[in-house]
Structure formats: C-alpha cells, structure tokens
Peer 1: 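Provided herewith is a single structure, encoded as structure tokens, for subsequent inquiry.
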Amino acid sequence: MSEETVSDGAQDISEVLKARQDKLEELKKHGINPFAYQFNPNTTAEEILAKNQNIKEGEEGPEEVRLAGRIMTKRGHGKASFANLQDKSGQIQIYAKLDLLGEDKYGLFEKLDLGDIIGVIGKVFRTKRGEISVKLSDLVFLTKSMHPLPEKWHGLTDKEMRYRQRYVDLIVNEDVRKVFIKRSQIVQSVRQFLAEKGFMEVETPILHPMAGGAAARPFETYHNTLDMKLFLRIAPELYLKRLVVGGFDRVYEIGRVFRNEGISFKHNPEYTMLELYQAYADYNDIMDLTENLVSSVIEKITGSTKIKFRDHEIDFKAPWRRLPLTQALKEYAGEDITGSESEIRDIAKKRGIDDADKLGIGKLINELYDRFVEPHLIQPTFIIDYPLETSPLAKKKRDNPNLVERFEVIVAGMEIANAFSELNDPMDQRERFAKQLELKKAGDEETESMDEDYLNALSYGMPPAGGLGIGIDRLVMLATDSHSIRDVIFFPHMRPIK
RNA sequence: GCGCCACUAGCUCAAUUGGCAGAGCAGGACACUCUUAAUGUCAAGGUUGAAGGUUCGAUUCCUUCGUGGCGCACCA
C-alpha cells in the first residue's frame, strides 16, 4: 500500500488525519519505523495486575516486564505522563518520566496518539493513588494509528458502524470482546464434551451438488472445470449419515451452513451449526445427550445452569420437559389437532392463517405451533413427535405412523436444536423423497431432492442412529444475553456502502 | 417484501414556531513530575446521508432515493 494513501487529495483530508500523517513523517525523520516488525512481550496487563496484588504503594517489583498494546488514554503532566495501554487481556496504566526515559524517548511518548501501538519495558509499581502501573524504562514504537479512535467515554455506539467496522468495536468495547471470547469457549467446551463421549470431529463438503438435509432455500454457485451448478450447504446431514454408514458410529461437525433467506434478530444468512450422529441411539437417547451437553456447557461458561436472558431467568439444569407437539398446542393454544384434516384446517382458518387451504397438513400444524406455542416456551423444552409430512429424514414414530420421532429444543421462544431418530429404511426414504418431489411440483421451494447416492448409501445399511443439530449462534446468544444474532457474529452481513 | 424510527464535526450528542449550525471528547498550540473521563488557557474543525421541492430564508416542512435499527412476514 502506498504511503501516500492518506495524503492523497490533501485538500479535503480532515485536520485530524493530517495531524497523524505529520506525526508519521516526524517519526520517519527520527529514524523510527512507524510500522515496526517485531516485539516480544513477556506478560499481559491482566497477568501483571494479578501477580502484583500485594505490592505496596511506593514499592517496585523486582523484574522488568515487557508488554505491548494500544494507547487508549493519555494524561500528560509536563515532565511526567500517564497512559493506559490495552492488550488482549485488558488495560494497565503506564507511567513515563522524563528523567527515567531520557529526552528522546520521553519526547516520543509525548507525541503518541491514542490508538498507537507500542511496546514498553519497565518495572511494576503502585502509584500514590493505589493503582498498579508500569514505570517505563524503555519504549518501542510499533505501529502508527492513522485514524482516531471513537470518543473515550461513550465509545462506539452506532450499531451500523459497530457491525461494519467490527475491528473498531472490538478495540473500544470490552463487552463485545468478552462476548466473542465466550463464543470461542463455548465451541471449545462443546468439542471437549463430545470428545469425552467418543465422538469424532469430521469435515464434509460445503459445496453440494444438491441442497439437502433441511428445508431452506440454498445459495447457488458454479464450478467451472466440472461445468456444474453447486449449492452452498444448508445442512451437513446427508454427508454425516453417509459416514455413519461407513462405520463411524459417533461423528460430529461444527461448521457454517448457508440459507438464502431473511435476516432478523435470530437469522443470519450464514450461521454455525453443530450436527452430530450417534449410531444405535434413538431420539430419546439424543434428548438425554442434548440436555447434558447444553446444561454442562452453559454451566462451564457462565458458572451456573441458570442464566439471565432478556427479562427471563432460564434454568438449563437437566432434565428438561418433554412435551408432545399435539399436547403443546392444546396447552398453549387451547386447540385439539388430533382430529381430521378438515377439522385442523378449520382451526387454522379460525386462527387467522390466511393460506390455510394451500398448505399441507404438516405445514399447517407447524404454522399453528410457530405462532401460538413457540413464543411462549421460555424454559428449555423438548417439543416432540412432529407430523410426518414436514420431516422427510426422520423415522416414523414406532406406535404412530402419522408422526415422526423428532424433537426440537425451544429456549426463550427460539429454536436452538432439532433432532430425530434417523430414517434408515432406504425404501421408506425413497418414498419420502418422492413425496417431496410432488410438493416441489406444487410450488414448494424448500423440499428435499431425490438424492440417489444417499439412497444408495442407505441401501448398504445404516445402523439405527439418532442425530442432532444445534444452532451455535443462538446458544451463544443465550449464554451471553445477546439479543441479536448479529452481536454474536463477528461480521454480520450488511449491504455494501455505495 | 411491508410498517415505524434514525442519519448533524473523527466519536458522543444539542439546535426554541422555519431565522447566524453549538458543546463535550479526540486532534493543534502553550503550561504542568502521581494522573486516571487529569487540569488550565488559546485557536481550529461542518456539502446537517443524497437529490429535488416549498419558502425571503430549510438541520427543521414535503417528495424521491440511500444506509441502518426495531417490528411484521419468510426461516433455524
């Protein structure tokens, strides 16, 4: 990148940027590289604070520390100055004194802008006001910041800028950093839990020749050499189950899936899903696994199974309520959907579902459930046993062929997991796919395709298996009391600036 | 896609009925060797999201557009 980038069009560049440009030139004149190559810190702000709790006022630590970070605030007093240095762990005050640093280095310190990145060397001490600080014996300039930081007290609050320029958000908003640290810890703790249970982490294709494994509209792309249309996966399901056929009894994948659909506080076009498959298990086993997995992860990350989310206190402690869908509709909506198809259709019409005549019976029930039940489910709840029509990859319920052995987990009105006893009968699976094709012909855009290779895999025999999908982003929302999915995704999708 | 709201200095916010666009922080200059939202003095900083319209006069009223937020719809 050209060094002239900022000074180009110097006429209209703001004074603030111009001042930084001037300081950059000044550094160069003094033989200081404003974009240095290397520095070896041997500690962090957090570590210094933790290790020196017992140091008394006026006392100095025995050893020199080396740390590096960004200048966040500065308080000059002529021949002595304070500043706050921020590294990945937090902030620590540093103290620069003319007679300790010498004229050159002290002059350099005085010229620092907020946002500049420096390395410092010095002894730890406690100020008269009681703050553990580092008294600089040396200072190394590391990186010039060419753009001023947001205001030090209010920080960056404009949501658009926080999302578009997440790097700035992360610099100035510690809470945001904490959310993403927790996100990383959650994923790590999920991996650890599954490893202890004997699950193997795998990677399956993201580019799919056909989009399957969920009901959603896919993103399309194209491979030149193969001369074929490809789809970004909407779910890894069908590939993971091929691996179960192949003999991997317990597999999981944590990865991005892509759905070409709306954006809302709980929807992003790409999001992170955990999918796992356990051979010889059914959905009851998976319910046990799910409540154990989620409650232990929540407890590990937040210190308790009880969390605050919006106005709710939510307790993840297992076991969770297991509520059949028909019963949930009766309980929360006061509707009985065990009757005939026309009776259900009448209920839907009465309840204001406009296109009740166009929808299949399964979709109708889903619609009633989405509108009148899901928003009321606050504590973790398994809603179990779904209509056959809308679950083409799930096994029929053993005592009722109109239902499938499927559950969703609802917390705070959000679906965070979806699971079933996996359909492993290749003949039944073929019929289900065929039904999906009929729906597609009737105009449904979110149907499964006839995946012949998947049917072929099943024809070799897939052991009975339970499968589970968990929306990681939503789990992170709950664990961090974040009310928008955008607050747990580093770079949420936005329209480009024109 | 629909509805409501927002957009003013690098950032956070003001601006009376439509009447000279104003503060704080950041930045510049000076002073200051224990401050922590340091302090004091001085000076500077604007295409009010964009384009039109009404008006003697528009940050303010109207129209269109842009971007975002929230809600609804679709979806997990």
Side-chain angles (χ1 to χ4, degrees), chain A residues 12-23 57-58 71-84 91-101 106 110-111 113-115 125-133 135 145-165 168 171-172 214-217 234-235 257-273 353-355 363 366-367 370-371 374 408-410 413-418 445-446 469-475 477 483-486 492 494-498:
Chain A
D12 50 345
I13 137 178
S14 88
E15 271 182 60
V16 184
L17 300 183
K18 178 74 164 55
R20 300 228 167 187
Q21 183 73 29
D22 291 345
K23 285 190 186 172
E57 187 202 312
I71 299 285
M72 298 305 288
T73 59
K74 244 177 100 191
R75 297 170 291 281
H77 297 263
K79 298 186 179 65
S81 301
F82 291 91
N84 279 48
Q91 291 194 9
I92 189 161
Q93 177 168 269
I94 57 177
Y95 178 51
K97 248 172 93 170
L98 173 64
D99 43 21
L100 259 173
L101 264 178
Y106 189 76
E110 281 193 305
K111 286 281 179 193
D113 281 314
L114 303 191
F125 76 113
R126 193 184 285 274
T127 66
K128 286 175 188 165
R129 296 293 182 89
E131 179 152 352
I132 295 165
S133 308
K135 191 182 285 180
S145 169
M146 301 304 291
H147 198 289
L149 291 173
E151 203 234 7
K152 65 183 172 190
W153 190 239
H154 299 93
L156 186 67
T157 60
D158 183 70
K159 279 195 177 167
E160 178 173 358
M161 282 185 36
R162 289 188 40 227
Y163 296 146
R164 285 192 193 277
Q165 301 185 36
V168 181
I171 291 170
V172 299
R217 293 165 66 172
I234 56 175
V257 297
F258 306 85
R259 298 189 179 180
N260 204 342
E261 281 160 357
I263 293 175
S264 83
F265 76 94
K266 54 178 172 174
H267 298 94
N268 195 60
E270 54 180 300
Y271 68 101
T272 301
M273 182 132 92
I353 294 172
D354 299 335
D355 42 3
K363 285 218 164 180
N366 264 357
E367 189 70 24
D370 282 347
R371 287 199 200 183
E374 196 171 89
E408 290 187 356
V409 175
I410 313 300
M414 280 195 298
E415 180 190 335
I416 64 159
N418 182 19
E445 292 183 67
E446 296 173 354
I470 292 184
I472 294 292
D473 313 83
R474 289 183 179 179
L475 192 60
M477 284 172 71
H483 302 166
S484 168
I485 198 168
R486 299 186 143 190
M494 317 265 286
R495 282 203 176 81
I497 303 169
K498 283 180 182 162

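Note on naming: letters A, B, ... go to the chains in the order of the sequence lines (proteins, then strands), and numbering restarts at 1 for each one. All values below were derived from every heavy atom in this structure, side-chain atoms included, with hydrogens, water molecules and symmetry-related copies excluded.
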Peer 1: Return the nearest nucleotide to the side chain of Val16(A); candidates are G10(B), A29(B), A76(B).
Peer 2: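 Given the options G10(B), A29(B), A76(B), the side chain of Val16(A) is closest to G10(B).
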Peer 1: Does Met161(A) reach a base, just sugar-phosphate, or nothing at all? Heavy atoms under 4.0 Å.
Peer 2: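 Sugar-phosphate contact only - Met161(A) comes under 4.0 Å of backbone atoms but never of a base.
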Peer 1: Using the P atom as the point on both nucleotides, what is the distance between C13(B) and A6(B), in whole Å?
Peer 2: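 Between the two P atoms, the distance is 14 Å.
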Peer 1: Check the phosphate of A76(B) against Arg474(A), side-chain N and O only, distance under 4.0 Å to OP1 or OP2. Yes or no?
Peer 2: no
Peer 1: Counting runs of three or more consecutive pairs, Watson-Crick or G-U wobble, with each distance below 3.5 Å, where are the stems of RNA chain B?
Peer 2: B:1-7 with B:66-72, B:10-13 with B:22-25, B:28-31 with B:39-42, B:49-53 with B:61-65
Peer 1: NA contact type, Met273(A), heavy-atom cut-off 4.0 Å: base, sugar-phosphate, or nothing?
Peer 2: nothing
Peer 1: Could you tell me whether Glu367(A) contacts a base, only the sugar-phosphate backbone, or nothing, with contacts defined as non-hydrogen atoms closer than 4.0 Å?
Peer 2: sugar-phosphate
Peer 1: Any salt bridge linking Glu367(A) with Arg371(A)? Criterion: basic side-chain nitrogen under 4.0 Å from a carboxylate oxygen.
Peer 2: yes
Peer 1: What string of B, S and - do you get for nucleotides 33-38 of chain B, 5' to 3', when a contact is any protein heavy atom under 4.0 Å?
Peer 2: BBBBBB
Peer 1: Taking atom P in both A58(B) and G27(B), compute the distance separating them and give it to the nearest angstrom.
Peer 2: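 About 36 Å, rounded to a whole number of Å.
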Peer 1: Quick one: is G68(B) close enough that its OP1 or OP2 comes under 4.0 Å of any side-chain N or O from Arg495(A)?
Peer 2: yes
Peer 1: Please give the distance between the C1' atoms of C61(B) and C25(B) as a whole number of Å.
Peer 2: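 That atom pair is separated by 33 Å.
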Peer 1: Hey, what's the ring geometry for His77(A) with Phe82(A), parallel, tilted or perpendicular (30° and 60° as the breaks)?
Peer 2: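 Perpendicular, since the angle between the ring planes exceeds 60°.
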Peer 1: Just call it for Asn366(A): base, sugar-phosphate, or nothing, with non-hydrogen atoms closer than 4.0 Å on any strand.
Peer 2: nothing
Peer 1: How far, in whole Å, is U17(B) from A43(B) if one measures between their C1' atoms?
Peer 2: 36 Å
Peer 1: Counting any heavy atom closer than 4.0 Å, what does Glu446(A) reach on the DNA or RNA strands: base, sugar-phosphate only, or nothing?
Peer 2: sugar-phosphate
Peer 1: I want to verify a distance call: between G27(B), U67(B), G10(B), whose nearest atom is closest to the Pro148(A) side chain?
Peer 2: G10(B)
Peer 1: Heavy atoms only, 4.0 Å cut-off, all strands: where does Gly471(A) land among base, sugar-phosphate and nothing?
Peer 2: nothing
Peer 1: Categorize Ala215(A) for me: base, sugar-phosphate, or nothing, with a 4.0 angstrom heavy-atom threshold over every strand shown.
Peer 2: sugar-phosphate
